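All remarks here apply to the structure that follows.
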Amino acid sequence: MVKKREPFPEIPDLYQMVYELITYIPKGRVSTYGAVAEALGDKTAARAVGKILSENSNPELYPCYKIVYSDGAVGNYRLGGVTEKSRLLSADGIKISDDGIIDLKRYFFGNFVSDKPLARLHEYQDRFMPEIESIGSAIRTVGGVDVSYSGDSKNAVAVYTLFDFKMNKMLDYTIQSDKICFPYIPSYLSFRELPILSKLIEKAELGKKSADVVLVDGNGLIHPRNSGVASMLGAVCGIKTIGVAKSLLCGTAGDDNFIRMNNKVIGKRITKGFKPVFVSAGWKTDLSEAASIVSEMMIRRLPEPLRMAHILSKSLMAN
DNA sequence: GCGACAG
DNA sequence: ATCTTGTCGC
């Protein structure tokens, strides 16, 4: 099994797929957010399905009122709330009990035809193997990349800061804006942010503003399939990366601050008087040097390259 | 019932 | 990450 440098998989248009899938729910039946997510290939995307349906711009064509909670509760509806959603369902002949529950045994439809694109991405992550090794030569510069989103989450600005490692001072930065076409789904962050981030890295390299190693706002090895955005970004761009996350995606922090999953160390919790951050090796770095680089550059909670990238991208997005 | 699965 | 149409398990 080839574990690296496979071509990056095609990123599906989940928005369009969700809208099309729900048109196949027969009249008088309902489905659930989880069932639609399963048709996409991963039930954990249920919440993303909800978010996508909440942005439905054509309720005449796409009957999102037919999607209810997994316990049979009617659930939310942007255009008129639960009252309107219940009215539409009743008009289809669906009985709703006094406590607002639909009998899913009777009305449920889940037999969607789909090629399950998320399952394909999941498999790609399963095959992906991060290269973990020592950085080797001395670090002179460290970069930080972060992405900020517009209110509707359709556009984003990413910033790559270039820092002098020893001085912990910013030397330069690079900006990239882009449309965002993939929703946020836990453990699938790569597919949302890699397009904009890889463009950003390329632009920084062309401008001679790239660093020896790049801190990424997200995880590397701390990931259910050890395939966080930091690792994938490193592999795609051929750069050394380190993951720095503000909350723990998976695994458990021990008293020794190491994060373990299935008895393997996948990262480290770093606490320097602030709320902790969770560091993991991304691509062609290892945990101990990752932790020491991050720790040395922490004046505040986030290491300076990331803190500045965050501040810059947020302020640029505002304008 | 409440909290969790990066951003 | 913004500004909230989920689901499951502890």
Side-chain angles (χ1 to χ4, degrees), chain A residues 18-19 22 30-38 40 42-56 59 62-86 88-89 104 118 122 125 145-158 180 182-194 196-197 215-233 241-252 259 261 266-267 269 276-280 282 302 306 309-310 313-314 317-318:
Chain A
V18 165
Y19 294 133
I22 65 173
V30 298
S31 195
T32 66
Y33 297 94
V36 175
E38 224 158 51
L40 294 178
D42 193 333
K43 197 172 196 171
T44 64
R47 209 169 188 180
V49 169
K51 186 80 180 358
I52 288 169
L53 291 178
S54 77
E55 295 162 18
N56 182 7
Y62 306 122
C64 59
Y65 71 88
K66 293 183 179 183
I67 311 301
V68 301
Y69 287 168
S70 62
D71 63 356
V74 168
N76 287 310
Y77 190 58
R78 175 154 301 203
L79 299 168
V82 179
T83 316
E84 175 65 2
K85 192 168 178 179
S86 303
L88 290 165
L89 289 165
L104 290 183
L118 286 180
H122 189 293
Q125 290 180 325
V145 297
D146 190 29
V147 185
S148 289
Y149 295 89
S150 59
D152 62 6
S153 200
K154 296 290 189 220
N155 295 285
V157 175
I180 297 293
F182 192 90
Y184 171 72
I185 304 169
S187 86
Y188 294 86
L189 178 64
S190 310
F191 305 109
R192 178 171 170 80
E193 295 197 338
L194 235 39
I196 187 171
L197 285 178
L215 310 181
V216 180
D217 190 27
N219 288 303
L221 241 52
I222 302 178
H223 182 280
R225 302 173 280 288
N226 299 131
S227 305
V229 62
S231 299
M232 289 211 173
L233 181 67
T241 59
I242 292 167
V244 182
K246 297 180 287 297
S247 63
L248 196 53
L249 173 65
C250 61
T252 313
I259 316 296
M261 181 172 67
I266 55 173
R269 177 176 62 193
V277 294
F278 302 91
V279 175
S280 55
L302 283 179
L306 275 182
H310 181 72
S313 64
K314 259 196 111 161
M317 178 46 81

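First the proteins, then the strands, lettered A, B, ... as listed; each starts at 1. Reckoned from all heavy atoms, side chains included, excluding hydrogens, waters and symmetry mates. Model, not experiment: these values are computed from the prediction.
Here Y149(A) lies in heavy-atom contact (under 4.0 Å) with sugar-phosphate atoms only. Using a 4.0 Å heavy-atom cutoff across all strands shown, S187(A) reaches at least one base atom of the nucleic acid. Contacts of Y188(A) with the nucleic acid, taken as non-hydrogen atoms under 4.0 Å apart, include base atoms. Among the heavy atoms of the strands, none lies under 4.0 Å from G75(A). Using a 4.0 Å heavy-atom distance criterion, D217(A) is classed as a sugar-phosphate-only contact. Contact annotation for K154(A): no contact, since no heavy-atom pair falls under 4.0 Å across all strands. Across all strands shown, V49(A) has no heavy atoms under 4.0 Å from either base or sugar-phosphate atoms. Within the 4.0 angstrom heavy-atom criterion, no nucleotide atom of any strand lies near S153(A). Using a 4.0 Å heavy-atom distance criterion, Y184(A) is classed as a base contact. Across all strands, I222(A) comes closer than 4.0 Å to no nucleic acid atom at all (heavy-atom distances). As judged by a 4.0 angstrom heavy-atom cut-off over every strand, C64(A) is placed among the base-contacting residues.
Rounded to whole Å, atom C1' of dT2(C) lies 11 Å from atom NE2 of H310(A). Remark: C1' of dG6(C) and CG of D42(A) are 13 Å apart, rounded to the nearest angstrom. Here dC3(C) presents its C1' atom at 11 Å from CZ of R47(A), a figure rounded to the nearest Å. Rounding to whole angstrom units, CG of residue L40(A) and C1' of dG6(C) are separated by 14 Å. Rounded to a whole Å, the CD atom of E38(A) is 11 Å from the C1' atom of dT7(C). Computed from coordinates, the L306(A) CG to dA1(C) P distance equals 11 Å when rounded to whole Å. In this structure, CG of L189(A) is placed 11 Å from P of dA1(C), rounded to the nearest angstrom.
A gap of 24 Å separates the P atoms of dC8(C) and dG7(B), to the nearest Å. Going from the P atom of dA4(B) to that of dT4(C) covers 22 Å, rounded to whole Å.
Checking side-chain atoms of S280(A) against main-chain N and O of N219(A) turns up no donor-acceptor pair under 3.5 Å. Side-chain atoms of D146(A) do not come within 3.5 Å of backbone N or O of S313(A) as any donor-acceptor pair. Side chain of K85(A) to backbone of I67(A): a donor-acceptor contact under 3.5 angstrom is found.
Within the 4.0 Å cut-off from OP1 or OP2 of dT4(C), not a single side-chain nitrogen or oxygen of N76(A) is found. At dT4(C), none of the side-chain N or O atoms of K51(A) fall inside 4.0 Å of OP1 or OP2 (strictly under the cut-off). OP1 and OP2 of dT2(C) both lie 4.0 Å or more from every side-chain N or O belonging to S150(A).
Between Y188(A) and T44(A) the shortest heavy-atom distance is CE1-OG1, 4.5 Å. Here the closest non-hydrogen pair linking G218(A) and V229(A) is CA-CG1, 4.2 Å.
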_Run R225(A) and S231(A) through side-chain hydrogen bond (donor to acceptor under 3.5 Å, both in side chains) and show every step you take._
CA-CA 11 Å; R225(A) 302 173 280 288; S231(A) 299; over 6 Å; no
*Would D152(A) and E55(A) satisfy side chain to side chain contact (heavy atoms under 4.5 Å, CB included), going step by step from the backbone distance to the final call?*
CA-CA 9 Å; D152(A) 62 6; E55(A) 295 162 18; over 6 Å; no
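In this structure, OG on S31(A) lies 9.5 Å from CD on E38(A), to the nearest 0.5 angstrom. For the atom pair Y184(A) OH and R47(A) CZ, the distance stands at 10.0 Å (nearest 0.5 Å).
Pair assignment for dT7(C): dA4(B), on the basis of Watson-Crick or G-U wobble contacts that are both within less than 3.5 Å.
Extent of DNA chain B lying under 4.0 Å from chain A heavy atoms, first and last nucleotide in 5' to 3' order, is dC5(B) to dG7(B).
With dT7(C), dT2(C), dA1(C) as the candidates, the nucleotide lying closest to the side chain of K246(A) is dA1(C).
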